[in-house]
Structures are given as C-alpha cells and as structure tokens.
Amino acid sequence: MKEQAKILGFSRWRLAACVVTAFVLSGFALGQEVVDRTVAVVNDGLRHELITYSDMMWQLALQPNVLLDPPRRDDLTAVLVTLINQRIFALEAERLPRAAPDEKEISAEITRTLAYFPSNADFIKRLNLVGIESTKDDNFQRIIARRVSFEKFVDFRFRAFVVITPDDEAKYYRDVFTPDFRKRFPGLLLPTLDEKRKEINSILTEERVAARIETFLDDAKRRVVIEYISEPGG
C-alpha cells in the first residue's frame, strides 16, 4: 500500500472533484501542444505552491500504463487532485524544516521508480514525451527529490506515531483475514496469526496512516485557498 501510494498519489481523496473535473475537461485540448503555464496556486496565506501544465504531464509520465499522447481526461482530473494534495503537504512541511534529500536517497528512489516499467528505455521514452531528456534532467531530479521529501514527511508526521497492538492484529486476523482466506482458498490450511502477524501489522499501519492523512487534508483544505489561474490547454 505504501508503494502504491507513492506512485499514484493519494487518489482516494477528492478535492471538489466535480469542480476539478469540469475545469480539466473544459481546459484540455487533448493532443494539443501548449506553452507551459500556471494551472493552479495553493496558498496558505504566508506561502504559495504553483501547479503548472508541465507538473501535470510530468506526474502522469511517472505512472505506469497511463497514456500520454493524448492523456485521458480521467487521468488529468486525478493528477490535478493529486498535485493539489501534494502541494498542501509541501506547505505544511515548510513549517517543520528538515534536511533535503541527498544524492543516495534520490538515486534509490529513481531505481525504485524504474522497477515499475518494462525497461529503462521505455521509461526514458515516456520522459521524452513530456519534455524531460533523461533521469539526469534537472526537472526530473527535482520531481524525485520532492517525492523523497514527501515520503520522509509522511513518515515523520504520521507513520512514526502509529501504534498497532497485539489485540489489533488478532482482531484483524479473526474478522478480516480468516474469512477472506477461507473464501478465496477453500480447503487450504489456514496460516496462523503468528505467520501473518508482520503482514497484518503492515496493513493496519498503512490503513491508519491513510486515515490520518485524509483527516489532515480535510482540515488543511479549510485553511488554504486553491485558485485556478488558467485552463491547462487553453
């Protein structure tokens, strides 16, 4: 779940989804080449974070099996929501300054990202489609650095404070894992709780992290202003 969240963003959270959908569909001329421009600004009253057309296309390029030429309208809608959520996190992270990602962390994240694609060559082709020459490109390096910073912030702000008790694990094993296993694998020997404890702990941790993040975003959206500056393809 953690890896999926990093690749897809937190797509389960909706930010005025109907408004975003209408905005994207009215603004994108699919397949049309446009000059980069600011699409939206997220402002907390002290600082602001921009979202550009290039930001949207770069984000789509990092998502496996997502069309780029032309991009699909549902993907454009989802990526704008994702970027808005990420910008809200960036504003919050500035309140708690932390060390910038180092080269080793960025390199590890690039390697992890490449593993989601059939080959390095296929990945570079996707980057080329959105104006990035290679993984050494300054823009690409900034995107990856921001991803690493985001994940480190989530670890610090949310994951570090999650506590899963043995009772929590036993309840999940009894109420969720066991009936699901018996339904999917009738006749097979049921694994014991101890055999599945680590896996269950990980599932419960990520569920609680996701819930805390959703609560944080709901609260943050009452404090920030999201302004749509221009239509992405207009």
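This chain uses plain numbering: 1 for the first residue, then up along the sequence. Remember, predicted model here, so these are calculated numbers, not experimental data.
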Charged N-O contact under 4.0 Å between [X] and [Y]:
X: Lys183; Y: Asp180; result: no
X: Glu207; Y: Arg212; result: no
X: Arg87; Y: Asp55; result: yes

Taking the side chain as every heavy atom from C-beta outward, state whether [X] and [Y] have any pair of such atoms under 4.5 Å apart.
X: Asp44; Y: Arg47; result: yes
X: Met57; Y: Leu60; result: yes
X: Thr82; Y: Gln86; result: yes
X: Leu193; Y: Ile200; result: yes
X: Phe140; Y: Ile110; result: yes
X: Arg147; Y: Arg142; result: no
X: Thr178; Y: Leu190; result: yes
X: Leu80; Y: Met56; result: yes

Which heavy-atom pair separates [X] from [Y] by the least distance, and what is that distance?
X: Pro191; Y: Glu195; answer: CA-OE1, 3.2 Å
X: Asn43; Y: Leu46; answer: OD1-N, 4.0 Å
X: Leu62; Y: Phe123; answer: CD2-CZ, 3.5 Å
X: Phe89; Y: Leu217; answer: CE1-CD2, 3.8 Å
X: Leu68; Y: Ala61; answer: CD2-N, 3.8 Å

For this session: Kindly indicate, with the supporting measurements, whether the criterion salt bridge (Lys or Arg N to Asp or Glu O under 4.0 Å) is fulfilled by Lys196 and Glu169.
Result: CA-CA 9 Å; Lys196 289 295 178 178; Glu169 295 165 345; over 6 Å; no
For this session: Under the ring pair (Phe, Tyr, Trp, His ring centres under 6.0 Å) rule, collect the residues that match up with Phe185, sequence neighbours excluded.
Result: Phe181
Counterpart residues, salt bridge (charged side-chain N to carboxylate O under 4.0 Å, His left out), relative to [X] (two or more places apart):
X: Arg208; result: Asp168
X: Arg174; result: none
X: Asp138; result: none
X: Lys152; result: Glu105

Non-neighbouring partners of [X] that pass side-chain contact (heavy atoms from CB on, under 4.5 Å), sequence neighbours left out:
X: Asp167; value: Thr165
X: Ala220; value: Ile88, Phe216, Arg223
X: Ser54; value: Asp36, Thr52, Trp58
X: Leu67; value: Arg72

Do [X] side-chain atoms and [Y] backbone N/O form a donor-acceptor pair below 3.5 Å?
X: Glu109; Y: Ile106; result: no
X: Gln59; Y: Leu83; result: no
X: Ser202; Y: Lys198; result: no

Exercise. Does one hydrophobic cluster hold both Tyr173 and Leu188, with members joined at side-chain heavy-atom distances below 4.5 Å?
Worked result: yes
Exercise. Transitively linked via ILVMFWY side-chain contacts under 4.5 Å: Val41 with Val225?
Worked result: no
Exercise. Parallel, tilted or perpendicular: which fits the ring planes of Phe161 and Phe156, with parallel below 30° and perpendicular above 60°?
Worked result: perpendicular
Problem set entry | Test ring pair (Phe, Tyr, Trp, His ring centres under 6.0 Å) applied to Phe177 and Tyr172, step by step | CA-CA 6 Å; Phe177 177 81; Tyr172 184 92; 7.6 Å; no
Exercise. Can you list every ring pair (Phe, Tyr, Trp, His ring centres under 6.0 Å) pair that touches residues 189-210, not counting sequence neighbours?
Worked result: none
Rounded to the nearest 0.5 Å, what separation is found between the [atom1] atom of [X] and the [atom2] atom of [Y]?
X: Ile124; Y: Thr135; atom1: CD1; atom2: OG1; value: 5.0 Å
X: Ser134; Y: Leu127; atom1: OG; atom2: CG; value: 8.0 Å
X: Ser107; Y: Arg112; atom1: OG; atom2: CZ; value: 12.5 Å

Problem set entry | Which residues share a side chain to side chain donor-acceptor pair (under 3.5 Å) with Arg182, sequence neighbours left out | none
Problem set entry | Working for side-chain contact (heavy atoms from CB on, under 4.5 Å), residues Arg146 and Glu151 | CA-CA 9 Å; Arg146 172 164 279 196; Glu151 186 60 35; over 6 Å; no
For this session: Return each pair, listed once, that meets salt bridge (Lys or Arg N to Asp or Glu O under 4.0 Å) where at least one residue sits in residues 114-136; pairs must be two or more places apart or across chains.
Result: none
